[in-house]
Amino acid sequence: MGINKYYVVHRGFKPGVYTNWIDCEKDISGYGNVKFCNFKEFGGGGTLFVKDLVLVELI
């Protein structure tokens with residue numbers, strides 16, 4: 001089984017949490033000054049705390 005990754009897009013066409021690279025890439029491709037990061041797992045009930053103190057929740 002492969003390792004699951006989660007991609008958090010801060011600046012893109014539709015900021016949020018993506019569960020696969022293909023969807024994340026669609027959101028960031030062609031967007032100027034894109035900002036995103038990835039994580040191997042969620043912490044604390046599906047919530048990620050990221051560098052800029054931005055809270056993103058997967059719904």
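Computed from heavy atoms alone, side chains included, the values below leave out hydrogens, waters and symmetry copies.
Taking both residues in full, the closest heavy atoms of Cys37 and His10 are given as SG-NE2, 4.0 Å, listed atom of the first, atom of the second, then distance. Shown here for Pro15 and Gly12, the closest heavy-atom pair between the two residues is CD-O, 3.7 Å.
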List the steps and the verdict of side chain to side chain contact (heavy atoms under 4.5 Å, CB included) for Phe36 and Val8.
-> CA-CA 5 Å; Phe36 72 100; Val8 179; over 6 Å; no

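To the nearest 0.5 Å, atoms NZ (Lys5) and CH2 (Trp21) are separated by 9.5 Å. Here CG of Asp27 is found 13.5 Å from OH of Tyr7. Values are rounded to the nearest 0.5 Å.
Under the side-chain hydrogen bond (donor to acceptor under 3.5 Å, both in side chains) criterion, Asn38 pairs with no residue at all, not counting sequence neighbours.
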